Amino acid sequence: MGIITPGFFGRGRKAAAGLPPGQHLTEDFPVLSAGPTPRIREDDWEFTIATEHGVTHRWSWAEFMALPQEEPTVDIHCVTSWSKLGTGWRGVSLDTFLDQVESSAEYSMAHSYGGYTTNVPVADLRDGKAWVVHEFDGKPLAPEHGGPARLLVPHLYFWKSAKWLRSLELIRQDAPGFWESNGYHLRGDPWREERYW
Ligand SMILES: Nc1nc2c(c(=O)[nH]1)N[C@H]1C(S)=C(S)[C@@H](COP(=O)(O)O)O[C@H]1N2
Ligand SMILES: [Mo]
């Protein structure tokens with residue numbers, strides 16, 4: 001996803017020309033959580049998608065693992081201004097889930113174990129742009145980073161990537177989630193600097 005501008009000679013940092021405006025690179029992986037880290041055993045974990053028609057689809061951990069797995073390598077951008085390039089994940093595309101669901105809703109609300117919510121337009125979950133991931137850097141996703149599984153929507157600011165993902169609610173009208181109710185932008189495109197509204 002990074003853009004390398006030919007002829008760009010920066011300060012020796014990798015792909016600095018590929019950072020969205022106002023962002024700086026970090027090599028480590030900061031933890032940003034609005035509350036305590038919930039501990040969910042894989043046996044107790046389930047992921048549901050609830051449609052605007054009142055239908056709920058469920059996947060157990062075993063069913064989730066049996067779906068086609070992808071290994072996206074993507075750049076992530078936190079609204080607090082750090083970006084991390086080339087992060088490697090393993091999980092299931094949202095296309096795979098949504099293809100099993102009858103819905104024409106244009107918006108969604110992601111709900112996490114622990115109560116966090118964030119709204120994401122369905123178009124931003126489609127066409128290979130978003131995943132439910134359970135591995136980072138070749139290892140099971142650590143609880144503080146959202147394990148056992150989190151949403152990954154790397155082309156939007158990282159607050160949209162709900163950790164400890166529990167359900168996706170498909171809704172006809174957009175509504176603010178946790179940070180969006182506290183002033184963060186409804187969509188959050190880092191390339192347009194949609195930080196606050
Ligand atoms: N459930 C939940 N998901 C969350 C958050 C949170 O507090 N709770 N924080 C968000 C924010 S603001 C960011 S920047 C990223 C941080 O992910 P990390 O801790 O793995 O770096 O998770 C996002 N997803
Ligand atoms: Mo964030």
Side-chain angles (χ1 to χ4, degrees), residues 1 19-42 44-50 59 61 64 71-92 94 97 107-121 124-125 129-169 175-197:
M1 281 188 133
L19 285 179
Q23 296 292 112
H24 68 267
L25 278 180
T26 184
E27 296 295 335
D28 57 6
F29 194 175
V31 171
L32 282 104
S33 302
T37 295
R39 308 275 161 168
I40 305 103
R41 294 169 53 239
E42 292 169 5
D44 298 330
W45 183 91
E46 67 168 10
F47 173 54
T48 63
I49 298 182
W59 292 268
W61 186 262
F64 172 45
E71 297 194 339
T73 297
V74 296
D75 303 341
I76 54 179
H77 310 290
C78 176
V79 73
T80 62
S81 89
W82 57 266
S83 289
K84 193 171 168 58
L85 302 183
T87 59
W89 306 83
R90 181 176 172 82
V92 174
L94 257 296
F97 290 105
Y107 299 97
S108 80
M109 187 71 75
H111 296 262
S112 296
Y113 291 96
Y116 184 85
T117 55
T118 188
N119 57 309
V120 187
D124 284 307
L125 300 174
K129 293 198 290 293
W131 297 265
V132 180
V133 293
H134 56 86
E135 280 187 17
F136 171 76
D137 207 11
K139 291 180 279 295
L141 187 57
E144 56 270 28
H145 286 299
R150 78 182 294 166
L151 187 59
L152 177 66
V153 192
H155 69 288
L156 300 179
Y157 281 120
F158 206 33
W159 88 77
K160 297 291 185 180
S161 294
K163 305 198 278 188
W164 318 295
L165 183 65
R166 179 171 63 90
S167 66
L168 197 67
E169 184 191 357
F178 174 74
W179 280 119
E180 296 83 6
S181 297
N182 286 282
Y184 283 27
H185 197 277
L186 277 177
R187 177 146 182 271
D189 181 344
W191 298 95
R192 297 171 155 199
E193 274 209 277
E194 294 173 343
R195 296 175 191 271
Y196 311 104
W197 65 302

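As the structure is a prediction and not an experimental result, all values here were calculated from the model. Numbering of ligands and ligand atoms starts at 1, following listing order.
- No hydrogens or angles considered: a donor-acceptor pair under 3.5 Å links the side chains of Lys163 and Ser33.
- Between Trp164 and Tyr116, the ring center distance fails the sub-6.0 Å criterion.
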Test ring-ring contact (aromatic ring centres under 6.0 Å, His included) on Phe136 and Phe29; report intermediate values, then the result. CA-CA 11 Å; Phe136 171 76; Phe29 194 175; 4.8 Å; yes
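- No side-chain donor-acceptor contact under 3.5 Å links Glu169 and Ser108.
- Checked against a 6.0 Å centroid threshold, the rings of Phe64 and Trp45 count as neighbours.
- Taking the side-chain hydrogen bond (donor to acceptor under 3.5 Å, both in side chains) definition, one finds that Trp89 meets it with Thr87, sequence neighbours left out.
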Need the list: ligand 1 N/O atoms against protein N/O atoms, distance under 3.5 Å, rounded to one decimal.
unit_1: ligand 1; atom_1: 1 (N); unit_2: Ser112; atom_2: OG; d: 3.2
unit_1: ligand 1; atom_1: 1 (N); unit_2: Lys163; atom_2: O; d: 3.1
unit_1: ligand 1; atom_1: 3 (N); unit_2: Lys163; atom_2: N; d: 2.9
unit_1: ligand 1; atom_1: 7 (O); unit_2: Ala34; atom_2: N; d: 2.7
unit_1: ligand 1; atom_1: 9 (N); unit_2: Leu32; atom_2: O; d: 3.2
unit_1: ligand 1; atom_1: 17 (O); unit_2: Arg150; atom_2: NH2; d: 3.2
unit_1: ligand 1; atom_1: 19 (O); unit_2: Leu32; atom_2: N; d: 2.9
unit_1: ligand 1; atom_1: 19 (O); unit_2: Lys163; atom_2: NZ; d: 2.6
unit_1: ligand 1; atom_1: 20 (O); unit_2: His145; atom_2: ND1; d: 2.6
unit_1: ligand 1; atom_1: 20 (O); unit_2: Arg150; atom_2: NH1; d: 2.7
unit_1: ligand 1; atom_1: 21 (O); unit_2: Pro30; atom_2: O; d: 2.6
unit_1: ligand 1; atom_1: 22 (O); unit_2: Arg150; atom_2: NH2; d: 3.2
unit_1: ligand 1; atom_1: 24 (N); unit_2: Ser161; atom_2: O; d: 3.1

